[in-house]
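Scroll down for the structure; my scribbles are underneath it.
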Amino acid sequence: MPKAKGKSRRHKYSYNLNRKRLYRSARRRAAPRIACSHIRHAWDPHKSVAQNLAEMGLAEDPNKAVPIPKKLSGMEVESDGQQLGKKIVRKPYVVNEMELEASLPEKKSNTLSRDLIDYVRYMIQNHGENYKEMARDEKNYYQDTPKQIKRKINVYKNFYPEEYKNFIASLKPEKMEVQ
């Protein structure tokens with residue numbers, strides 16, 4: 001077996017490069033990746049993570065924010081109820097906006113592809129409930145098994161129940177005319 005091209009070449013080490021300094025400065029410059037837009041807009045890059053989160057009224061360490069009560073031999077040890085210095089929340093709007101966003105109802109964004117909908121409607125229209133016949137159909141391009149086709153039809157039923165009922169209702173008069 002031949003060797004890889006780059007393996008035979010000698011790699012030179014640069015003795016004049018201070019790697020410790022490079023690593024340290026790169027770590028210092030790297031800002032935290034913030035997913036929430038409310039936090040991102042209120043973030044002050046000149047302050048530490050702990051200071052920023054404290055100003056927003058958020059906890060840096062969830063274990064310290066909500067401590068787990070310690071149990072000793074079946075008895076719970078109660079805390080004093082004193083907090084070691086309350087932190088001043090300077091940016092309460094961040095928490096309020098996050099709570100408002102969390103209280104909004106979740107939008108259902110799940111949809112099926114147009115191809116899958118057409119495929120399922122074609123199969124039901126031509127074969128009804130006969131899944132073995134559907135599996136042998138020439139339009140079964142992906143060679144789905146009867147169980148896979150049944151699963152796809154059930155997904156269509158769950159996603160579009162109204163549309164499925166209307167589709168089935170429109171098929172019944174056609175079958176009556178044929179008989």
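The distance from atom OG of Ser170 to atom CZ of Arg121, rounded to the nearest 0.5 Å, is 7.0 Å. Distance check: Asp118 CG to Met123 CE gives 12.0 Å after rounding to the nearest 0.5 Å. Between atom CE of residue Met56 and atom CD of residue Gln51 there is a gap of 11.5 Å, rounded to the nearest 0.5 Å. Separating the CD1 atom in Ile168 from the NZ atom in Lys157 is a distance of 7.5 Å, to the nearest 0.5 Å. With values rounded to the nearest 0.5 angstrom, His38 atom NE2 is found 11.0 Å from Tyr93 atom OH. Interatomic distance, CG of Asn166 versus CG of Leu171, reported as 11.0 Å (0.5 Å rounding).
In this structure, the side chain of Asn158 engages the main chain of Asn154 through a donor-acceptor pair within 3.5 Å. Looking only at distances, no side-chain donor or acceptor of Asp144 sits under 3.5 Å from a matching main-chain atom of Gln148. One N or O on the side chain of Asn52 and one on the backbone of Asp44 form a donor-acceptor pair closer than 3.5 Å. Counting only distance, with no hydrogens or angles, the side chain of Lys91 and the backbone of Gly57 share no donor-acceptor pair below 3.5 Å.
By the 4.5 Å heavy-atom criterion applied to side chains, Val94 and Glu55 are not counted as neighbours. Side-chain contact check for Leu116 versus Ser113: some heavy-atom pair is nearer than 4.5 Å. At a threshold of 4.5 Å between non-hydrogen side-chain atoms, the residues Phe159 and Val155 count as touching. By the 4.5 Å heavy-atom criterion applied to side chains, Tyr142 and Ile149 are not counted as neighbours. Taking 4.5 Å as the limit, every side-chain heavy atom of Lys150 sits out of range of all side-chain heavy atoms of Met134. Contact check for Trp43 versus Leu53: side-chain heavy atoms found under the 4.5 Å cut-off. Side-chain contact between Met98 and Cys36 is present, with at least one heavy-atom pair separated by less than 4.5 Å. Under the 4.5 Å side-chain criterion, counting only non-hydrogen atoms from C-beta, Tyr141 is in contact with Lys139.
The aromatic rings of Tyr160 and Tyr156 sit tilted, their planes meeting at an angle between 30° and 60°.
The number of heavy atoms from other shown groups lying within 6.0 Å of NZ (Lys152) is above 12. The neighbour count for Arg40 CZ, taken as heavy atoms of other residues, nucleotides or ligands under 6.0 Å away, is above 12.
Tyr119 and Asp115 share no donor-acceptor pair across their side chains, judged by distance under 3.5 Å alone. Side chain to side chain, Glu129 and Tyr131 meet the donor-acceptor criterion of an N or O pair below 3.5 Å.
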Candidate pair Tyr122 and Asn126, rule side-chain hydrogen bond (donor to acceptor under 3.5 Å, both in side chains), full reasoning
CA-CA 6 Å; Tyr122 168 82; Asn126 290 332; 3.3 Å; yes
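When the side chains of ILVMFWY residues are joined at heavy-atom separations under 4.5 Å, either directly or via intervening members, Val89 and Val95 end up in two distinct hydrophobic clusters.
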